[in-house]
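I have placed the structure first, in the form of C-alpha cells, so that the comments after it can refer back to it.
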Amino acid sequence: PTSYMAIKSNYDFVGGYEHDTQSGILHVANHHISPGKKQWTWGNGDFGHSWDRNLTDEDGPYIELMTGVFTDNQPDFSWLQPNEEKTFEQYFMPYHKVGLVKNATKEAMINLEINEKTVSVIVYATSIYPKSHINIYNRNREIMKNFQADLSPEEVFEGSFEMPDVYNLYDLQIDVVSNDGKV
C-alpha cells in the first residue's frame, strides 16, 4: 500500500484521471483551508490484489482520493474548542476528456499542452456556458489565440493552434470567460 501526498499546494484542486476511459474525479477547495491532498493505492502485490477483489466489483485496482480540511495530513487532527465553529466548502466533481488538469475551479477545468510549436487546449465546464471565450496569452500578456465555444459537461472544448515561437508551458496563460464576463 502506498500514499502519495502533496504538501504546500499552490492550487485549489487535486484529482485522478484514468486514461483508458478518459474520465476522472477532481476535488476543488480553497487550498488555505484544505491543504491536505493525498492519493492512496493498495499496491500491486498479493495484499493489494486481495483488497481490490474485496472492494471493487470486477474492474480491479483503483486510486482513493483523500483530502484534508484544516489539517495538512490524515494523521494530523484539528480540534474544536467549546462553542467553536469552522465552516468550509469543497467539491468532488467527475469529468472527462481533459487529461491532466492544469488548473480548475468549481465551474471549469483546463488542460494546456505544448508539442513543439502546437498548443492544445481542452476546457471542461460543470454547467452550461454558451458563447464562452477561451483566451491564450503569452508571457507578455499579449493574446495569442481566442476561441469561442459553447461549454457544458456534454460539450468539452478541444482546440489547437500553431505558435510562431516555442514557449515554455509556464510562459502561457489561459482564461475561460463566460458570455456574461465571469472568469
Side-chain angles (χ1 to χ4, degrees), residues 4-39 62-63 65-69 87-183:
Y4 298 95
M5 298 180 192
I7 57 171
K8 197 176 177 187
S9 174
N10 293 326
Y11 295 93
D12 289 340
F13 72 95
V14 65
Y17 189 74
E18 209 280 317
H19 292 276
D20 292 343
T21 60
Q22 293 187 330
S23 60
I25 186 138
L26 204 71
H27 173 263
V28 176
N30 180 329
H31 71 277
H32 297 290
I33 295 170
S34 181
K37 294 175 172 70
K38 172 179 159 182
Q39 290 182 337
Y62 67 96
I63 298 289
L65 186 63
M66 299 177 177
T67 62
V69 175
T87 61
F88 61 91
E89 290 183 359
Q90 62 182 347
Y91 302 89
F92 284 91
M93 305 178 301
Y95 69 99
H96 63 104
K97 288 190 179 180
V98 178
L100 301 176
V101 173
K102 300 299 189 299
N103 209 342
T105 65
K106 67 180 183 173
E107 290 85 13
M109 55 199 73
I110 58 168
N111 186 4
L112 187 68
E113 304 273 340
I114 299 175
N115 184 4
E116 295 185 16
K117 289 188 175 187
T118 301
V119 176
S120 299
V121 60
I122 302 174
V123 179
Y124 176 92
T126 59
S127 191
I128 298 171
Y129 297 100
K131 298 180 181 174
S132 295
H133 292 275
I134 300 159
N135 306 310
I136 295 97
Y137 304 90
N138 66 15
R139 63 181 146 239
N140 298 322
R141 195 67 183 153
E142 299 164 337
I143 196 158
M144 297 177 64
K145 186 70 176 175
N146 174 278
F147 296 100
Q148 185 176 0
D150 294 328
L151 299 174
S152 75
E154 294 179 1
E155 296 183 52
V156 178
F157 173 80
E158 297 181 71
S160 63
F161 64 96
E162 296 291 318
M163 293 186 300
D165 298 315
V166 177
Y167 284 88
N168 180 313
L169 186 62
Y170 297 102
D171 291 334
L172 302 179
Q173 181 178 344
I174 181 171
D175 291 340
V176 179
V177 184
S178 67
N179 195 30
D180 62 358
K182 184 177 180 185
V183 177

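Since the model is a prediction, treat every value here as computed from it, not as a measurement. The residues of the chain are indexed from 1 along the displayed sequence.
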**OP:** Could you list the residues that satisfy side chain to side chain contact (heavy atoms under 4.5 Å, CB included) with H32, not counting sequence neighbours?
**Re:** N30
Original post:
By ring-ring contact (aromatic ring centres under 6.0 Å, His included), which residues pair with F161, not counting sequence neighbours?
Top reply: none
**OP:** Sequence neighbours left out, what pairs pass side chain to side chain donor-acceptor pair (under 3.5 Å) with at least one residue falling in residues 140-153?
**Re:** N135-N146, N138-E142, R141-Q173, R141-D175
**OP:** With sequence neighbours left out, write down each residue that passes side chain to side chain contact (heavy atoms under 4.5 Å, CB included) with N10, or none if nothing qualifies.
**Re:** none
Original post:
Can you list the steps and then say if V176 with V183 is a side-chain contact (heavy atoms from CB on, under 4.5 Å)?
Top reply: CA-CA 6 Å; V176 179; V183 177; over 6 Å; no
**OP:** Provide the full list of salt bridge (charged side-chain N to carboxylate O under 4.0 Å, His left out) pairs with a residue in residues 118-139, sequence neighbours left out, each pair given once.
**Re:** R139-D171
Original post:
Roughly how far, to the nearest 0.5 Å, is the CD1 atom of I136 from the CG atom of L172?
Top reply: 8.5 Å
Subject >> Non-hydrogen side-chain atoms of M66 and M5 separated by less than 4.5 Å >> reply: no
**OP:** Nearest 0.5 Å please: distance from the CG atom of L112 over to the CD1 atom of I134.
**Re:** 11.0 Å
Original post:
Atom CG of L100 and atom CG of N111: how far apart are they, to the nearest 0.5 Å?
Top reply: 6.0 Å
Original post:
Who are the side-chain hydrogen bond (donor to acceptor under 3.5 Å, both in side chains) partners of E162, not counting sequence neighbours?
Top reply: T118
Original post:
Under 3.5 Å, side chain of Q39 to main-chain N/O of G15, donor-acceptor pair present?
Top reply: yes
Original post:
For I128, does the CD1 atom have more than 12 heavy-atom neighbours from other residues, nucleotides or ligands under 6.0 Å away?
Top reply: no
Subject >> Any residue meeting ring-ring contact (aromatic ring centres under 6.0 Å, His included) with F92, in chain and number order, not counting sequence neighbours >> reply: H27
Original post:
Applying side chain to side chain donor-acceptor pair (under 3.5 Å), which residue pairs with at least one partner in residues 12-26 are found, sequence neighbours left out?
Top reply: D12-H31, E18-T21, T21-S23
Subject >> Interatomic distance, K106 atom NZ to S127 atom OG [nearest 0.5 angstrom] >> reply: 10.5 Å
Original post:
Can you tell me how far the CZ atom of F157 sits from the CG atom of L151, to the nearest 0.5 Å?
Top reply: 8.0 Å
Original post:
Any ring pair (Phe, Tyr, Trp, His ring centres under 6.0 Å) pairs touching residues 118-138, not counting sequence neighbours?
Top reply: H96-Y124
**OP:** Examine distances only and state if a side-chain atom of N179 and a backbone atom of P130 form a donor-acceptor pair shorter than 3.5 Å.
**Re:** no
**OP:** For F88, enumerate each residue passing the side chain to side chain contact (heavy atoms under 4.5 Å, CB included) test, keeping only those at least two apart in sequence or located in another chain.
**Re:** I33, V69, F70, Q90
Subject >> side-chain hydrogen bond (donor to acceptor under 3.5 Å, both in side chains) partners of E89, counting only residues at least two apart >> reply: Y91
Original post:
Applying salt bridge (charged side-chain N to carboxylate O under 4.0 Å, His left out), which residue pairs with at least one partner in residues 110-124 are found, sequence neighbours left out?
Top reply: K102-E113
Subject >> Between OG1 on residue T105 and OH on residue Y11, distance to nearest 0.5 Å >> reply: 14.0 Å
